[in-house]
Amino acid sequence: MSRSTRQEPTGQDESFSPEPTDKILTVPNVISMFRLVSIPVIAVLVAQNHLFAGLVLLAVSAMSDGVDGYIARRYNQVTKLGQILDPIADRLLIFFSILALASIGIMPWWVLAAVVLRELVLGIQVLRLASYGYGPLPVHFVGKAGTAVLMITVPVYIVSALGESTLFTVLHDLGDAGAIWGCVLYWVAGIIYLWQGTHVIHDEKAAGTRAGAAR
């Protein structure tokens, strides 16, 4: 039987979030699917130097993220599928946007390497937790902050490539700063998740040992 993790990260308040349902066809889920479909389109537009068009579609996609969350909470349409689609869409948007920007020399490749390595490490942890019947850990606010900074950094880089004046140079420098801080927060959150997951697995092993000794 699948279990959700019992440990709530510090600073996470879920008291105003409705209980998720098993519904599939809801307005928020349709919006989330739109975001998923828009991601490769954004990446292709940016990689082909159609930066303004990519920026517009990125802005629409980013706004849809807030809209689907509001609708889900306001009209009690929070679903288990939506809770899966939303973080996946965020991660894919970050990954493909950074890949596209790095491929045309606007964003450093090390940003992509840092993001991919963190996701690989946490992916291994998710598999370990799943072997004990646990789902992914609840999202920590540091992880949300890191994701937000990286998602803001992407359009800053895109705008910085639209011109060559001092203003655009400053924007590129701000993009570099955002990439550094975003990756730092991303990895700090990753370390927190690893620490939490290690304790969950340790407690599970200890409970199994006690149960075995009691037989």
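For the numbers below, each heavy atom of this structure counts, side chains included, while hydrogens, waters and symmetry mates do not. Note that the numbering runs from 1 along the sequence shown for the chain.
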So does [Y] get a backbone contact from the side chain of [X], meaning a donor-acceptor N/O pair under 3.5 Å?
X: Q83; Y: P20; result: no
X: R118; Y: Y186; result: yes
X: W181; Y: L150; result: no
X: S97; Y: L93; result: yes

Looking only at non-hydrogen atoms, find the nearest pair between [X] and [Y] and report the distance.
X: P155; Y: L55; result: CB-CD1, 3.7 Å
X: L129; Y: G197; result: CD2-O, 4.1 Å
X: T198; Y: L194; result: OG1-O, 2.7 Å
X: L51; Y: A161; result: CD1-CB, 3.5 Å
X: S61; Y: S38; result: OG-OG, 3.4 Å

Verify the cluster assignment for [X] and [Y]: are they in a single hydrophobic cluster under the rule of side-chain heavy atoms below 4.5 Å apart?
X: M33; Y: I42; answer: yes
X: I158; Y: V170; answer: yes
X: V126; Y: V200; answer: no
X: L36; Y: L99; answer: yes
X: L120; Y: F95; answer: yes

Sequence neighbours excluded, every pair satisfying ring-ring contact (aromatic ring centres under 6.0 Å, His included) that has a member inside residues 151-175: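 Qualifying pairs, neighbours excluded: Y157-H172.
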Does any pair with a residue in residues 98-117 pass side chain to side chain donor-acceptor pair (under 3.5 Å), and if so which ones, sequence neighbours excluded?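 Sorted pair list comes back empty.
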Under a 3.5 Å cutoff, is there a donor and acceptor pairing between the side chains of D68 and S32?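 Judged by distance alone, the side chains do pair up.
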Can a side-chain donor-acceptor contact be found between T79 and D22 if the only test is distance below 3.5 angstrom?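 D22 vs T79: no donor-acceptor pair found between side chains.
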Could you go through the side-chain contact (heavy atoms from CB on, under 4.5 Å) check for M107 and T153 one step at a time? CA-CA 10 Å; M107 203 167 187; T153 298; 4.0 Å; yes
